[in-house]
Amino acid sequence: MNRTEVTTDGLKGARPDREATTGVNTGPGTPDLPTTARRRRGGERPVVPDAEFRSYYGQAIINRPVWESRDIAGYLFLGGLAGASSLYAAVSQLTGRRRSARVAKVTASGAAALSLAALVHDLGRRGRFLNMLRTFKPTSPMSVGSWLLAAYGPATTLAAASEVTQLLPVVGGLATAGAAFLGPGVATYTAALVCNTAVPAWHDGYRQMPFVFAASAASSAAGVVLAASPVAEAGPARLLGAVSGAAELATGEWMRKEMGLAAEAFDEGKASRYHRLSRPLLAAGVLGAVAGRRSRLAAAAGGAALFAGSALTRLAIFHAGLVSAADPRYTVVPQRERLARVGGETTRAGERGPGPGER
Amino acid sequence: MTTNPFAQLLEDADPATAAGWTDHPPRVGFFTDTSVCIGCKACEVACKEWNHVPEDGLRFTGMSYDNTIGLGADTWRHVAFIEQEKRIGRQVTGAATSDGDRGDDDDGHAVRWLMSSDVCKHCTHAACLDVCPTGALFRTEFGTVVVQEDICNGCGYCIPACPYGVIDQRRGDGRAWKCTLCYDRLGVGAEPACAKACPTNSIQFGVLDELRERADRRLAQLHDAGIGDARLYGRDPEDGVGGDGAFFLLLDEPEVYGLPPDPVVTTRDLPQMWRRTASAAVLLAGLVGASFLRRTR
Ligand code: SF4
């Protein structure tokens, strides 16, 4: 039906093509004013964000992480357990606490090996796990972590093997020291790993999560030593367990208080279950650690509670991330609020990012 | 490669230059003008055909004419359909209710059907590329972002990193896949398959600077025509991802199309994450050390 004519003056009656203005000049209705003129948003922040919230059929904005809970939540936990245990082992050894040093070394090597296995297991192409060491990228916490683990893993194995077999004490000592040096980094870098995503309940906690992970790592390591070493040697573990258990509770609250809307993800689905369980366990762990001085049973129970509470902290964070990724509200509402804060108007929505001071 | 690893996060320079390319072609991209999209899905089909993207199910979703739901490993162009009780400009719709009522002035009831073909944004600061530990994701000489499938080990980190929900893992394959902006076609001077197939020129391929100018003219044209809803999305090099290589003209808020209203590349905050991680590590060491200070065993 195209009636375009080719004339000496060029095309006549050509279709407007991509210049088409659908809806113009076709009726007497009132013209549609630019969005700026119509919207009044200056200053006022929606008290009930849901009223403003719109989405594409409720579909998620970001894609759901494909990480398996067992693998990656497990990896976050085991890395923390290993890292803090290595540190504990070295200081134990230095202060002459041979048996708790042994417990911590074996724990560290086992947890490190398991965490590596979890990481490889979660890969879509397991045979290509060595590609992790193809390059070094500080912009990728996973790349940094892979290099860290490549050095740390073997050190824990050597330290534990030498401890158990009593062979090569010098090598064992060096490995123990090396693992202790890398341990704190292994325990905390995973916070940067999950925070460095667009997942609201992870990213929005980036200022506090490394501290939550540090405390949680110490809780789990102290928990194992408490449960598995003699009362006489476990003094430091009791103190550490009590302090880190309390710190884990406190930093967790701090993180959720600061992360805004995303904190609500901790009250939904599996995240809520893990979150609600972790807190009383940690509290019980703290009590057990304090009482453990007099009772071996209390120490063992407290240790187990700290260990479980720490694992549940990681599970809660992991699943809160999944919850916040699946619901577009968690992505849209804070971004809308940020736009309202920064510029007030959103004629060209999405055109304005936060300034460098937006921290 | 630049010596400062974070330079790429801070620079507003051309992304191909920032990635170390010298003497490269100008940055190219898409301007998707949704105001002329007719929802034919030729782009979806052309993309699947050209790139051998496997079938991933055509389901009844109840979401207007949308049966592909969103971008993912096996959907690199996705046409969104939104039905609204609203007019485009001064449109006479002629739409009647079931009892034949055509509204007060016989213009018909307000109704419009928004369609928009979504695609990877080929961000100036691309989170997927930043977080990729293997280097499988890389910046091409055209300034686009491409996954090298022979290197990707399926770690899955890019998936939650993308603020737009573009890249995803292919089931049964394990690797991450997304739009390549038809890297192979660009190499021989052809335009991407979707732009080639688009019958209305809603998908416009070209040199990014030219597309941005054209988009500004188009926006002014629509505003002059009384279509005040029109807005550009992802055009601004000052936004949270440094501007998109594939940007859009939309007729409603981005979230209505399933797009984030103010995306920010997560690695912008990474330097602070690293600092905080280092502090936490030091604190952890201090905490463990201090617990041994007491005399009692
Ligand atoms: S839109 Fe997502 S997948 Fe595309 S370049 Fe940006 S971060 Fe990567």
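A, B, ... follow the sequence lines: proteins, then strands. Residue 1 opens every chain.
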Checking heavy atoms, do the side chain of [X], its backbone, both or neither come under 4.5 Å from chain A?
X        : value
B:Cys155 : both
B:Ile69  : both
B:Arg276 : both
B:Ser202 : neither
B:Ala127 : neither
B:Thr61  : neither
B:Cys158 : neither
B:Val282 : neither

Answer yes if the side chains of B:Asn201 and A:Asp17 hold a donor-acceptor pair under 3.5 Å, and no otherwise.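 Judged by distance alone, the side chains do pair up.
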For B:Gln272 and A:Tyr206, does a side-chain donor sit closer than 3.5 Å to a side-chain acceptor?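 On atom types as modelled, these side chains qualify, holding a pair under 3.5 Å.
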By ring-ring contact (aromatic ring centres under 6.0 Å, His included) - contacts of A:Phe318 (at least two apart):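 Expected list: A:Trp202.
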Side-chain contact, heavy-atom cut-off 4.5 Å: [X] with [Y]?
X        : Y        : result
B:Thr266 : A:Val199 : no
A:Val243 : B:Leu287 : yes
B:Val131 : A:Asn196 : yes
B:Ile82  : A:Tyr56  : yes
B:Tyr164 : A:Ile61  : no
B:Val264 : A:Arg338 : yes
B:Thr200 : A:Arg18  : no
B:Tyr157 : A:Thr197 : yes

Selection from B:Leu250, B:Thr93, B:Val36 maximising heavy-atom pairs under 4.5 Å formed with chain A: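 Counting heavy-atom pairs under 4.5 Å, the top option is B:Val36.
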If you count heavy-atom pairs under 4.5 Å with chain A, which of B:Val256, B:Val241, B:Leu259 comes out on top?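 If we count pairs closer than 4.5 Å to chain A, B:Val256 comes out on top.
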Considering all heavy atoms, the nearest B:Leu284-A:Pro184 contact: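 Minimum heavy-atom separation between B:Leu284 and A:Pro184: CD2-CA, 3.9 Å.
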Shortest non-hydrogen contact from A:Ala198 toward B:Pro163: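 Result for this residue pair: CB-CA, 3.7 Å.
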Between [X] and [Y], does any side-chain N to carboxylate O distance fall below 4.0 Å?
X        : Y        : answer
B:Glu253 : A:Arg336 : yes
A:Lys137 : B:Asp130 : no
B:Asp173 : A:Arg125 : yes

Pair A:Arg128-B:Arg175, side-chain contact (heavy atoms from CB on, under 4.5 Å): steps then yes or no: CA-CA 11 Å; A:Arg128 292 188 183 173; B:Arg175 294 172 294 177; 3.7 Å; yes
Mind ranking A:Ala217, A:Pro210, A:Gly321 by heavy-atom pairs under 4.5 Å with chain B and telling me who comes out on top?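 Ranked by heavy-atom pairs under 4.5 Å with chain B, first place is A:Pro210.
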So what's closer than 4.5 Å to chain B heavy atoms on A:Leu193: side chain, backbone, both or neither?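 Both backbone and side chain.
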Can you tell me if A:Asn131 uses its side chain to pair, donor with acceptor, with the backbone of B:Ile151 under 3.5 Å?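 Between the backbone of B:Ile151 and the side chain of A:Asn131 there is a qualifying donor-acceptor contact (under 3.5 Å).
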Does B:Trp274 use its side chain to pair, donor to acceptor, with the backbone of A:Pro138 at less than 3.5 Å?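 A pair under 3.5 Å: yes.
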To the nearest 0.5 Å, tell me how far B:Lys178 NZ sits from A:Asn63 CG.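 Rounded to the nearest 0.5 Å, the NZ-CG separation comes to 12.5 Å.
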CG of A:Leu239 to OG of B:Ser291: how many Å apart, nearest 0.5 Å?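 Between atom CG of A:Leu239 and atom OG of B:Ser291 there are 5.5 Å.
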Where do B:Asp66 and A:Tyr57 land on the side chain to side chain donor-acceptor pair (under 3.5 Å) test, with the steps shown first? CA-CA 11 Å; B:Asp66 186 350; A:Tyr57 302 96; over 6 Å; no
side-chain contact (heavy atoms from CB on, under 4.5 Å), that's the test. Do B:Met273 and A:His203 meet it? Break it down for me. CA-CA 10 Å; B:Met273 291 175 200; A:His203 183 270; 3.6 Å; yes
